[in-house]
Amino acid sequence: MDQHLSARLPFSFAAVADSHGWRQLAPFSGDREDLRYILRLASGRVTELRLTGAGAGVRVNTEDGLEPAETAEVTATVAWMLGLDQDLSPFYEAARHEPKLAAAAAQAKGRILRSATLFEDVVKTILTTNTAWASTKRMVANVVNLFGDPLPADPARRAFPAPAQLAASDEATLRNEARLGYRAPYVLDLAQQVAAGALDLEALRTADLPTPELRRRLLALKGVGPYAAANLLMLLGRYDAIPIDSWALTVVSKEWHGGAPIGPAEVQAAFARWGQFKGLAYWFWDYA
DNA sequence: GGTAGACCTGGACGC
DNA sequence: GCGTCCAGGTCTACC
């Protein structure tokens with residue numbers, strides 16, 4: 001199957017693919033020009049999406065023979081992952097007048113690559129906390145390889161596990177085989193709540209909730225603190241949050257405080273004038 | 001409400 | 001090769 005999906009302009013496929021490190025995490029593969037993702041459809045079929053930029057949108061290639069409902073699911077999933085319908089024109093208009101953001105605006109940077117589900121993004125975000133990026137990549141790969149369904153055409157490659165697949169595991173396996181360490185009970189608890197229907201994470205993707213309430217719900221998840229909640233709000237398109245980690249403190253200090261020790265308040269203050277887009281301003285700022 | 005210490009892994013470093 | 005130290009956010013207990 002081959003189809004073209006249009007995006008709200010301005011749009012750059014490479015800019016979305018490169019927006020952060022997500023494309024380095026399984027089941028993503030490929031590069032900024034030719035992005036691959038192994039998707040488990042609601043039908044249970046596992047298929048590989050091949051995504052490439054195509055003018056004002058994206059070309060989506062999958063195996064032939066998908067049912068109409070499966071094709072519709074692929075279309076909706078890709079639109080979500082790439083944020084095709086997001087309107088960032090107010091941000092671009094403001095950024096055009098800020099030298100440190102002009103390049104981002106000119107290159108249509110602003111959309112942030114998402115996984116197929118919020119569940120997957122919450123798990124991945126938990127696995128970014130309190131660890132080095134190399135460890136995050138290893139933990140995510142372990143989770144996919146241990147619990148995900150294989151791609152029939154290449155069984156060594158797998159989809160991200162569904163909540164029920166992770167929920168059927170146990171803390172010892174997640175801790176000792178997936179090497180999640182103390183994060184194991186957080187991921188297991190999340191998967192069990194979603195699998196049991198006690199937590200409808202995916203509903204938060206379209207929930208018409210004020211950002212503070214959405215943040216409160218994310219913070220209620222075990223393993224999700226201020227940094228993780230802000231990162232997830234960004235992924236949900238709520239750009240009035242700044243995910244403040246040690247890197248943020250470092251770059252903001254170098255940019256405005258001469259490298260002196262600072263705290264989260266200084267990071268917030270540095271981008272306060274960007275209001276509903278301060279997360280994007282922080283993310284795409286051209287740091288010295 | 002604020003703070004200290006524990007949590008866990010893997011890489012860097014010294015011996 | 002082995003042991004130690006450290007970085008990286010969140011949770012819990014305590015004040």
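Every chain is numbered from 1 and lettered A, B, ... according to where its sequence line falls, protein lines coming before strand lines. This one's a predicted model, so the numbers in the text were calculated from it and none came from an experiment.
- The distance from atom CG of A/Asn231 to atom C1' of C/dG8 is 14 Å, rounded to the nearest whole Å.
- Remark: A/Thr129, A/Asn130, A/Thr131 in residues 128-138 of chain A come within less than 4.0 Å of DNA chain C through at least one heavy atom.
- In the model, A/Asp34 has no side-chain atom that pairs as donor or acceptor with a side-chain atom of A/Thr52 under 3.5 Å.
- Rounding to whole angstrom units, CE of residue A/Met139 and P of C/dG8 are separated by 14 Å.
- A side-chain donor-acceptor contact under 3.5 Å links A/Gln86 and A/Tyr239.
- Considering only side-chain atoms of A/Arg183, the nucleotide from C/dT12, C/dT10, B/dC8 that sits closest is B/dC8.
- Of the possible polar contacts, one joining the A/Arg114 side chain to the A/Trp80 backbone as a donor-acceptor pair under 3.5 Å is found.
- Residue A/Ala228 has its side chain nearest to C/dT10 when only B/dC7, C/dT10, C/dT12 are considered.
- Per the geometry, CZ belonging to A/Arg175 stands 12 Å off C1' belonging to B/dT9, to the nearest Å.
- Aromatic ring pairs are classed by plane angle as parallel below 30°, tilted from 30° to 60° and perpendicular above 60°; the pair A/His20 and A/Trp22 is parallel.
- If you measure from atom CD of A/Glu171 to atom P of B/dC8, you get 9 Å, rounded to the nearest angstrom.
- Side-chain atoms of A/Gln3 and A/Thr75 include a donor-acceptor pair closer than 3.5 Å.
- As rounded to whole Å, 14 Å separates atom C1' of B/dC7 from atom CG of A/Asn176.
- Taking only side-chain atoms of A/Arg179, from C-beta outward, the nucleotide of C/dG8, B/dC7, B/dG10 with the closest atom is B/dG10.
- When only modelled atom types and interatomic distance are considered, A/Trp285 and A/Glu98 share no side-chain donor-acceptor pair under 3.5 Å.
- Ring-plane geometry between A/Trp256 and A/Tyr287 is classed as perpendicular, the angle between the planes exceeding 60 degrees on a 0 to 90 degree scale with a lower cut at 30.
- Between A/Tyr182 atom OH and B/dG5 atom C1' there is a gap of 14 Å when expressed in whole angstrom units.
- Across all strands, A/Leu221 comes closer than 4.0 Å only to sugar-phosphate atoms, never to a base (heavy-atom distances).
- Rounded to whole Å, atom C1' of C/dC11 lies 13 Å from atom CD1 of A/Ile126.
- When rounded to the nearest whole Å, the span between CG of A/Leu127 and P of C/dA7 equals 22 Å.
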